[in-house]
Amino acid sequence: MNAIISLCHFCELHGPQVLFCTQPNHPQELGSGDSVVGVAEEHYNTMQLLLSRTQGEGGAQGLKSPVTEPSTPTPSFANHCEGCYSVKPGFVSHDDDVKVSYVSSRQPHNREVFSMIRQACLRSLSGEVCPGTEGPIFFGNDQQGHVISYSFHIRDFQARGFQRRYSIIIVMMDKIYLLNSWPFLVKNLKIVVEHLQEKAQKVYDVEQAKSPKEPNKLVSFHINPKPARSLMELTEDRNIFKILHVSFVWILKACGNRITESLLEGPPTEDSIIDMEKQEETEEGFIKLFKKSDTEEDEEEEKVTEKEEEEEQEESSSVSAVQNIRYLLRSLGAKKFHILAHHAVIGNQVIVRGALKSAVKSVLSALKCIVPKGCCRVVSYSQDYEASWKCNFLGLAPDVHIPNHIMATEMFVLVEVISPVGDNTDPSTTCAIDLDQLRECDFSLASPTSLPEKGPTVLTKMEMALKNENLTNEVLEQYLICLKEEWMNKVKVLFKFTKAGGSRSEEDTKKLLQVVGAQEEDKQLLKFWMTGLSCHYKTHILSTTKSHH
Amino acid sequence: MWKTPKFDPDQIRLVIYVDNERDRTLLFDSKAVKRNFEPQPKCYHGLRKFVTPKTKLCGPSEQICGGRQSKFLFTKPGSDVQSLEEIMFGSVGMAYTGSSLKVHLTKSPPQMMLTKVFVPEAPKRESLGSEVDSESLSLQSHSDPTEPKSISCTDRNGGYLAESVPMDVPLSSHSKRANFDNIDEDSGLASLTSSGSFHTPFPSPGSNTSSYNSYNSLHRRWMRVQYTSLESGLKKRNSQDNLVAHEQSFSSCTTSSASSSNKKQSKIALGILFGLEEDKDCQGVNRCFENFFFSHITLFEGHLDKLKAGVSHAYHNRKKFVHIVMEALENFRRDVQDLYTTPRLSEPVWLNMMSHSSYRYVMCEKFMKQFMFLVSKYDNKSTNFFMSTLVTAVLTHHLAWVPTVTPAGGTSIRTYLHNHTPNWVDTFAKTHPYNPLWAQLGDLYGAIGFPLKLARTVVVGKKADLVKKILYILTYFIRCSDVHENDELGSLKSCLDDLTFEMESERQDITPIIEKQPDAFLPVREENSASMRRHGETNLSKERIETSWNSSKISDESQGITHTERSHRKTSECSGDGAVKPSKFDEKDACDDGKIRLLCSPKECVRQISVEKELRRISKEYEDIIPKTIKSVKDNDLHLHLPDDNSLTDEGYHSIHPPDQGYSSLQRPCSLSVSQILEAVPIENVKNVSRSAEILSSGLIEIPTPNPVKPQAFSPSSSCSVSRLTQKLLEEQESCSKKEVTEIPTTKESDIRARYLKEGSNSMFDEYFTDPNIETKTIDNLDAKDRIVSYPLVKSESIRSSTDSINRELAGCANSPTAELQGTHENRLGSFGGGIRPRLSSFSRQYSTDRSHISGRPTSIAPGRCRSVTPTELSRRRHLSSTSSYDVDLSDPTSGCKELDMPNFSGELSSSSIKVFDRNFGRSLMAGYSDHYLSDFVLHGTSENSFHEKLRSDLEVAVQHSVLDEPIGEAVCVIADTDQWCVNVASSRDIDKPFEPLTKPVIASQLVCNLMEGVHQLCKLKMSSEFCLMHLEDRLQEIFFKSKMLAEYLKDVKKCNIKELTQLLGFEPGDLPLLVAIAGTHSPHLSLGVI
């Protein structure tokens, strides 16, 4: 809790005095505040600017108003007697779990805060009137903080009226929080106060019994020359301030933890779930139970390619992939690109062959961004042909032969990357070649399969966006995310409908397609993208279905 | 379901006082005003008694009425008016005279009192006109529109009559008013600019781009915590209070009494007394109201502000004072009654799904059924696509749904199940406790975007059944976090009881030693005592049992030696600080200090160890930095002598020994210019020093092991105690301590280093832990030229790294604490990056190192682990100690403090959702169907359809008095009319435009229409309700993505053509307001660029 709890005392000689303050501290933040000033100012300024724009000319003027330092008398050493004494230098408790230290000392270490506390102390003990003289009151304002003050009396045989006036104040800048916590705080302050009073009462009783004279009020009032006694003496407990420290720490911590909240955030995107699944696989070295069983065989293969993939991911961020795909579109021409992309989004194997390893990789990564992550099985650069069930994106060295039976039957598209440098490039140096090299490459396209005339709706939209030069790469990236998520949502519905919903008639399916807004030409795409759903989602859907049927 | 709490609005009593120069007068007491239903023919006095500030209130019988025929009958005010006056104003006039809020409780009769003391604001119109004319003009212009006819009618007569009566409205009051006007003007501006959480000059911990939700949830809470933090000073606010205070303090500073007294004159105290049940059996009723009152205080304050406005209006319109005030009071009563007793919706869907997740399936079924019913029936052309339009409006303004669909960033994969709780929440709440109620309130009002916008929704209609259904559906779309209460915090009482026992035993054990202190020091061999100490420490740390006592006793004794030295030093320091203190106190002080040291002495071993490690590490780390720093010290002619082992020993020995030589001898081992120091020492010091040194010499001549490094550590610090030293000397000290730090590890033989690290560090650091007069500042508090070390000022990087570190910490803390400590530590260190590592507070590093030391042991035992100190920190302290005055910022406030264990909290905290309305806004601000319009509720239904006046004032108040304690940019109200099938939005921006309609129609967003249609169709296909709801969430997420795209697009585009924009990005113009509103929650930079 961002609060300071203090014990205050009305000293006969010195008036209201702050005796003892407890306050939480976050050590790790002490320094960081300052390092940040430059940016913070910027931040502040923009906010001010925004505010003034929303609300007319008001913003700037408010800023100008100088803020006054509350004028408080600086306490000097001479100003303290025993009654005003508490601890030196103080106590500290470390809350290790949350890295908060609670510090108790005679006064807060920050000057401004101290003057605020002092002000609160003055008001608590002399300015404000508490009905019934003992009990809680709240007062305050935004500038000098908000205060709950619990004033009370401690029995003192030697004091005027046989009692001394104390108060415990809780100071916060957050008025709402403080008042919201009133019932809790007051309840616990009362416990502390009663604890003190009980002890003092005992001492008082003993002293009274010892006293030879009749406890005559007038006499003791006149005779008593002694200035205030310390709280330790009044309670006859040397540890009284330790007790206070512990109580205040307890209150601060408990009040901060008293009410908690739970809030929800959305599920991660399908893509990021896939990422996490992959990560978990590779980290733990074995396949989790939700992993599809039929891919077990790929496991080793995947591991081999893993390293490469990681490298690849690092060197090409998604933005550059977007850049690449735009370039690909330009160099292939809209028509060829459409064919290539069409193959890619419906799951036909895309084979990219070329001498420049980096160029081949770039082409693949570019194509990846139009397909959901779950659908991308990539072998980025191989010396052998890999079957389409292992990878739908395959990069090959230039002289790798594609098996004849594949050439004859399989659905695939072959992209030859013709680098301007020529084939004699040393493969070891190609790795280091900059992505810009892609720009100098030429591509040729070949596919044995003929595609339906009309491409999937989503592809058409993507192509339109790609061609639109008004969209920056960043916007395009967001746009692709939108489209992919939108269509993955349709896929989810379809999955639920077909896999989890039991048997469905043809008619129903047709209707469903209509409902999700998919056409005939989208069917192939939906089917393929369904394979890209994360295992988590699938198991989740299947399990929820089971539980309710 | 709903049980209306017991409440009588007549329990609410209003008293108003005015505070003029010396006078305090009761202006109004609702107890003394009775509504008079029969016309009162007679009237004894004028209105003056009540309305004129100057007259004292004499309290005889019944009196006063407004006109010939008053609506009110005046009786004797309450007997407690005198005491109430004191309570409200306070007994002593405070220097601060701005407006302030107070809460008091009175026991007999049991009452709760809410007070606002303020300077009344004059209505603007008055100030514009010329003097007398404006007066009468204002009277008329203010008279009727809102008031009931009966009053205004009689009043007009009464008003004119009263004019012939000599009124106490002198010219001076007009000038007074002019002053008010200034304030008014200022405050108007100030309320706009008063800083809110957005202004806090701290970065968001999640501001790195990877996390989507940075801006919404975590950011908001983080900002709030930082903004209200007291740790690093105050964040000044430019609120109204502030301005008034400034003005006041300014005027009180200036000697010209005329203006200042003028301003001081009129303060009004407005007190609301809530009568509570006196019956003991009704404690439950009282508690309920009390809980409600305090949790909803911010709403109460809003109504109080409304009342305040009414009263200050009345104050400047004296002839009708009572009527206006009564009117305002009636409104207040009604509002409070509404707020407290209106039946709440028992089934807010979203909240219930959150807090009863096991019944989720059933709730899904029910919700979908209702939803589908409404969509199929009322979402068509004949109803203007009412449902889609309504949902569009709600989604646009109640934005709290956005974070609930925002894809989670780096959460664990296991959290994939619908929406889920992010794991930072808990961690963050623990490390930076914030007010969940505040967060929840912000959610409910949709105030999470930028600029902050408060939204409410009213469903209007004659068909109660239909309205209720719609309300039910909307509770799914109007979302908020749920608040939980921790049940098992334990009680402070039991905590205290446990505590005292432990303390007592410790005390008894230790005190005898203190009393015969001098005798207690036996010559103990150093090696032994050291090992003993460690021995004792471990024993003690395991359990405090008697058997371990002996060993710890020995350790105490050996410790005592160091201790006495310290007390010696201490006294000299005290006296050096200026001999104002009585000498008697000095001794006592030192003695006290000694006791405390003794109490904790076993713990110091741990510190030793940690210091040792720390030093080793740091000596390495700093090797490359320190040479530079030495260069930066201007004084180059200083030579530090570092004698070898023996000579050091001798000198150190001597330095303590000869009592009469005082300071000069102390200075010897470090060859500083002794003469200078002597100059600065006041004569009294010598006396004190010698006396305390006498004690020392008598009791402690046989200091068993001379310590090679002690004297070194000694000298700079004792010079520190001299309060006024020249800057030159300071620098010498600096370099001295610097060198001491650097050269020991690098240039001296290894065994000296070892000894230094082991033993020397002890005394050296003790001094800094115990000396209250040595204050420190962080390096950042110094002028740049004074800095010893100049670090590169890294801006954005440092932000990112620090925010990263927080993120990481948060993530880290979520896991098991012990295992995590080390890791977090690493993270934190790493995150600061090489360049800025030394800069970011050595404190944090120490702290973390500290943690790493103790991470192995169970935290509950926590044997006195103290912070270790880095050399740089030491030198900084030395550097600053002499310049700083008594109360100075310590860079590390914990230094020197004795460590106590954290109080016990019983086990794991278990929490349960708060079901009752009195402490959960989610359960209290969604009301059901009511026969009249209600003010505060986020959502409610009503049959009333002509509430625009009330709405207008509500919107106005909402912007002026922010319930969230942050400046509100706009307040809106969605009005869904089921009779007309139209949805409108009223905005606070339009309330001042008399020629424009208050409300504007809402156009349905195509995205929302598609969403509704899609879900509807799925439902028709007999997909499970749960899946339909999941799909609904998915579609909402799609909308969120679209807004991200839009934000990205608008970032680059300066001028945007809406047509082009929609074509490019593929949505319709009708979607734009929705998408822009959403964008305001995640990309605040652009929300103002559009539209």
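Not measured: the values here are computed from a predicted model. Below, chains carry the letters A, B, ... as their sequence lines are ordered, and counting in each starts from 1.
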_Residues B/Leu492, A/Val192; criterion side-chain contact (heavy atoms from CB on, under 4.5 Å); working and verdict_ = CA-CA 8 Å; B/Leu492 177 57; A/Val192 177; 3.6 Å; yes

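- Looking at B/Thr298, only its side chain comes within 4.5 Å of chain A, counting heavy atoms on both sides.
- Atoms CH2 and CG, on A/Trp182 and B/Leu105 in that order, are 4.5 Å from each other to the nearest 0.5 Å.
- The closest donor-acceptor contact from the side chain of A/His26 to the backbone of B/Thr431 lies under 3.5 Å.
- Both the backbone and the side chain of B/His104 come within less than 4.5 Å of a heavy atom of chain A.
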B/Asn435 and A/Asp174: side-chain hydrogen bond (donor to acceptor under 3.5 Å, both in side chains), yes or no, with the steps?
CA-CA 9 Å; B/Asn435 188 359; A/Asp174 191 336; 5.0 Å; no

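- For chain B, no part of A/Leu252 is nearby; none of its heavy atoms comes within less than 4.5 Å.
- Both the backbone and the side chain of A/Ile259 come within contact range of chain B, each with at least one heavy atom under 4.5 Å from a heavy atom of that chain.
- Using a 4.5 Å heavy-atom threshold, the side chains of A/Tyr479 and B/Glu1048 count as separate.
- Pairing each heavy atom of B/Gly1014 with each of A/Val515, the nearest pair is O-CG1, 4.2 Å.
- For the pair A/Val475 and B/Leu1065, the minimum side-chain heavy-atom distance is below 4.5 Å.
- A/Leu264 places none of its side-chain heavy atoms less than 4.5 Å from the side chain of B/Val405.
- Counting only distance, with no hydrogens or angles, the side chain of A/Asn2 and the backbone of B/Val225 share a donor-acceptor pair below 3.5 Å.
- Across all their heavy atoms, B/Met354 and A/Leu263 have their closest contact at CE-CA, 3.6 Å.
- Interface residue B/Lys107: only side-chain heavy atoms are found under 4.5 Å from chain A.
- The residue among B/Leu101, B/Val483, B/Thr106 with the most heavy atom pairs within less than 4.5 Å of chain A is B/Leu101.
- Side-chain contact between B/Thr228 and A/Tyr177: absent, with no pair of heavy atoms (C-beta onward) separated by less than 4.5 Å.
- When heavy atoms are compared at a cutoff of 4.5 Å, A/Asn188 approaches chain B by way of both its backbone and its side chain.
- Of the atoms belonging to A/Ser104, it is backbone heavy atoms, and not side-chain ones, that fall under 4.5 Å from chain B.
- No side-chain heavy atom of A/Val493 sits under 4.5 Å from any side-chain heavy atom of B/Asp1034.
- Between atom CG of residue B/Leu437 and atom OG of residue A/Ser181 there is a gap of 8.5 Å, rounded to the nearest 0.5 Å.
- Atom-to-atom distance recorded for B/Trp438:CH2 and A/Lys175:NZ is 14.0 Å, nearest 0.5 angstrom.
- Between A/Ser262 and B/His484, the side chains place a donor N or O and an acceptor N or O closer than 3.5 Å (distance only, hydrogens not considered).
- Looking at B/Gln1037, the atoms closer than 4.5 Å to chain A (heavy atoms on both sides) all sit in the side chain, from C-beta outward.
- Interface remark: of the candidates A/Met1, A/Met488, A/Glu485, A/Glu486, A/Glu486 forms the most heavy-atom pairs closer than 4.5 Å to chain B.
- In this structure, A/Asn180 contributes its side chain and B/Phe294 its backbone to a donor-acceptor pair below 3.5 Å.
- Here the CD-OG distance, from A/Glu128 to B/Ser100, works out to 7.0 Å after rounding to the nearest 0.5 Å.
- Chosen from A/Gly256, A/Ser93, A/Gly132, A/Pro24, the residue pairing most often with chain B at heavy-atom distances under 4.5 Å is A/Ser93.
- With a 4.5 angstrom heavy-atom cutoff, A/Ala3 touches chain B only via backbone atoms.
- To the nearest 0.5 angstrom, A/Ile137 atom CD1 is 9.0 Å from B/Ile87 atom CD1.
- Here A/His245 contributes atom NE2 and B/Glu899 contributes atom CD; the two are 8.5 Å apart, rounded to the nearest 0.5 Å.
- For the residue pair A/Lys492 and B/Phe1027, the shortest heavy atom distance occurs at O-CZ, 3.8 Å.
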